[in-house]
Amino acid sequence: MLDWIRKFRRGIFIIFLMICALLVYSVQLSKRETTTLFEKVVLEIMAPFQRGATWIAATVGKWGENYFRLVGVSQENRRLKEENRQLRAKLQEMEEIRLTNQRLQRLLEFREEQELPALQARVIADDSTSWFRSVMLDKGSSDGVVMGAPVVVAEGVVGRVIRVAPHAARVLLITDASSALSALVQKSRARGVLRGAGGVLTLDFALLQNTIAVGDLVITSGQGGVFPKGIPVGTVARVERRNYDMFQTVVVTPNVDFSRLEEVLILKPDDAGEE
Amino acid sequence: MRDLVLLLLFVILMVIVQTWFFPRVLSSPWQPDGFLVMTVYLAFFGRWLSGGLLVLGMGYVMDTFSGTTFGLYGLTLPLIFFGVHALIAYVNTETSFPFYYMVAFGTCAEIFLLAFFSFVLGDNASLWILATAELFPQAGLNLLLAVLLLNGLNWLRRRWEWAASLPGPVLEEEELFWESHD
């Protein structure tokens with residue numbers, strides 16, 4: 001028996017390891033709304049590094065900009081250009097502040113419109129793969145973030161929190177293939193389930209008799225139990241109707257540009273869940 | 001202790017590159033999968049036991065930083081590792097070409113396994129559609145990264161003594177810069 005085990009120890013170890021991995025995944029499938037200790041620890045360790053990377057990039061970018069501007073400046077007009085550059089830098093700084101202010105103002109207005117308690121957070125990292133769509137935020141359970149909390153910006157819905165560590169949280173974007181939310185077309189009130197499909201969304205189960213046109217706004221229906229009613233999600237980009245089908249195929253372009261996400265609002269679920 | 005610190009630094013670097021550097025520099029929906037390329041690299045040049053355990057850990061780190069259910073990459077990456085490790089007995093590992101086609105094979109295997117487990121055990125049926133549309137650009141980017149990784153690591157191993165113990169293809173003695181300058 002021992003000889004047999006010794007002979008096949010590699011195969012036995014690999015099978016054992018794979019069974020353990022399969023078990024971990026199976027167990028987690030039934031406990032999706034929890035964040036494992038491993039994830040909490042890794043998120044906590046990595047959050048300062050990701051914040052640091054964001055800060056370093058901003059600083060290096062500023063230095064790089066200044067360096068490249070210096071190249072080619074002649075001795076005669078150096079002083080004038082220096083002055084000009086400083087003014088420009090200040091102007092750019094002001095422009096950046098103005099844009100940030102504008103974004104925050106819109107978020108604030110949106111927050112007031114919603115009349116919901118919300119927490120502002122910054123995006124500090126993206127998804128580690130190309131197949132899934134998620135982002136990491138710099139706020140966590142110590143700031144009051146809970147699993148499943150809806151995340152929005154002034155333009156519309158972003159996603160929901162799927163993992164929480166004390167000082168970081170991961171948000172599953174609505175464009176992820178596993179994401180689904182209850183929505184309705186604002187004009188015709190046609191209901192359906194919006195599913196992520198990479199860069200776009202598809203509105204499933206929209207009945208054929210409902211009139212849906214390209215350009216119609218799609219909003220949250222408030223029936224999913226996660227998002228409050230009436231938050232914009234996207235605009236209808238394509239509608240396909242076949243007479244023999246029960247439902248029509250509706251492709252929706254999200255309102256939010258996910259490649260430029262910087263600040264978001266995390267809604268408090270107690271109030272957000274009220275339908 | 002030194003190996004443990006190096007390993008920790010390596011994982012931190014990988015996560016920063018994967019979740020911060022690639023999305024900002026490439027600004028496209030696709031980004032190279034550094035963890036997958038590293039999995040194939042370890043399967044090719046690493047030891048089966050330590051490599052397998054490291055890949056399992058990398059899988060769980062990847063799960064933490066992606067929108068999946070925890071455990072999906074922890075299951076997928078070791079399967080690819082052991083699959084490639086079993087296959088290399090039948091390929092000529094003296095040239096770098098088999099490494100590249102194993103990366104391409106690994107990319108296909110990864111998306112097949114992710115979609116399969118998500119569909120059979122989970123409820124993410126639409127990953128198939130996304131996967132078929134994005135497989136070729138993903139494989140291309142992974143191959144590009146594989147070329148950079150193999151050449152970069154070989155350069156490190158030739159140049160510095162401390163890096164010589166890193167897993168990789170066998171280097172000739174005259175190729176070792178640090179040995180000829182001792």
Side-chain angles (χ1 to χ4, degrees), chain A residues 10 13-14 17-18 20-29 31-32 34-36 38-43 45-46 49-50 52-54 57 124-136 159 162-163 165 170-173 175-180 195-199 202 258-260, chain B residues 8 11-12 14-16 18-24 27-35 48-49 52-53 56 59-76 78-79 82 110-111 114-115 117-118 121-131 133-134 137-138 141:
Chain A
R10 184 185 288 202
F13 176 79
I14 291 170
L17 195 75
M18 289 295 82
C20 287
L22 188 64
L23 271 174
V24 169
Y25 180 51
S26 307
V27 169
Q28 282 306 312
L29 278 170
K31 294 198 289 183
R32 276 180 211 186
T34 55
T35 308
T36 61
F38 179 88
E39 288 172 293
K40 279 181 189 168
V41 170
V42 174
L43 284 172
I45 291 171
M46 285 310 300
F49 289 100
Q50 281 163 329
T54 311
I124 53 169
D126 289 23
D127 200 289
S128 59
T129 73
S130 302
W131 313 117
F132 302 96
R133 305 281 187 268
S134 68
V135 291
M136 195 165 146
I162 54 163
R163 266 160 218 158
R170 184 151 283 277
V171 175
L172 186 74
L173 303 180
T175 46
D176 187 274
S178 64
S179 173
R195 285 185 192 281
T202 54
F258 293 103
S259 62
R260 290 168 197 272
Chain B
L8 192 70
V11 172
I12 289 172
M14 286 282 283
V15 171
I16 297 276
Q18 205 68 40
T19 63
W20 193 90
F21 183 74
F22 283 153
R24 273 152 188 83
S27 62
S28 78
W30 307 297
Q31 56 177 22
D33 191 340
F35 284 95
W48 73 273
L49 182 61
L53 290 172
L56 181 77
Y60 286 135
V61 168
M62 207 161 170
D63 277 320
T64 309
F65 291 96
S66 68
T68 61
T69 304
F70 185 77
L72 183 59
Y73 274 100
L75 181 61
T76 305
L79 273 175
F82 291 120
E110 182 192 44
I111 191 55
L114 286 174
F117 288 127
S118 302
L121 298 173
D123 57 356
N124 190 354
S126 35
L127 192 62
W128 282 111
I129 306 156
L130 197 69
E134 294 185 359
Q138 185 64 52
L141 282 170

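Proteins come first, then strands; the chains are lettered A, B, ... in the order of their sequence lines, and each starts at number 1. What you see is a predicted model; the values in this text were computed from it and never measured.
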Top residue by heavy-atom pair count (under 4.5 Å) with chain B, among [options]?
options	result
A:Thr36, A:Thr35, A:Leu172	A:Thr36
A:Ala21, A:Cys20, A:Ser130	A:Ser130
A:Thr129, A:Val24, A:Val42	A:Thr129

Considering only heavy atoms, which portion of [X] lies under 4.5 Å from any heavy atom of chain B: side chain, backbone, both, or neither?
X	result
A:Ala53	both
A:Leu17	side chain
A:Leu22	both
A:Ser134	side chain
A:Met136	side chain

State, yes or no, whether a side-chain contact exists between [X] and [Y] at a heavy-atom distance under 4.5 Å.
X	Y	result
B:Thr76	A:Tyr25	no
B:Gln18	A:Asp126	no
B:Val15	A:Phe49	no
B:Phe70	A:Lys31	no

TODO: Among the options B:Tyr60, B:Trp48, B:Tyr73, pick out the one with the most heavy-atom pairs lying under 4.5 Å from chain A.
DONE: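 That would be B:Trp48.
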- [ ] Give a yes or no answer on whether the side chain of A:Arg163 reaches the backbone of B:Ser66 with a donor-acceptor pair at less than 3.5 Å.
- [x]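 Checked: pair present.
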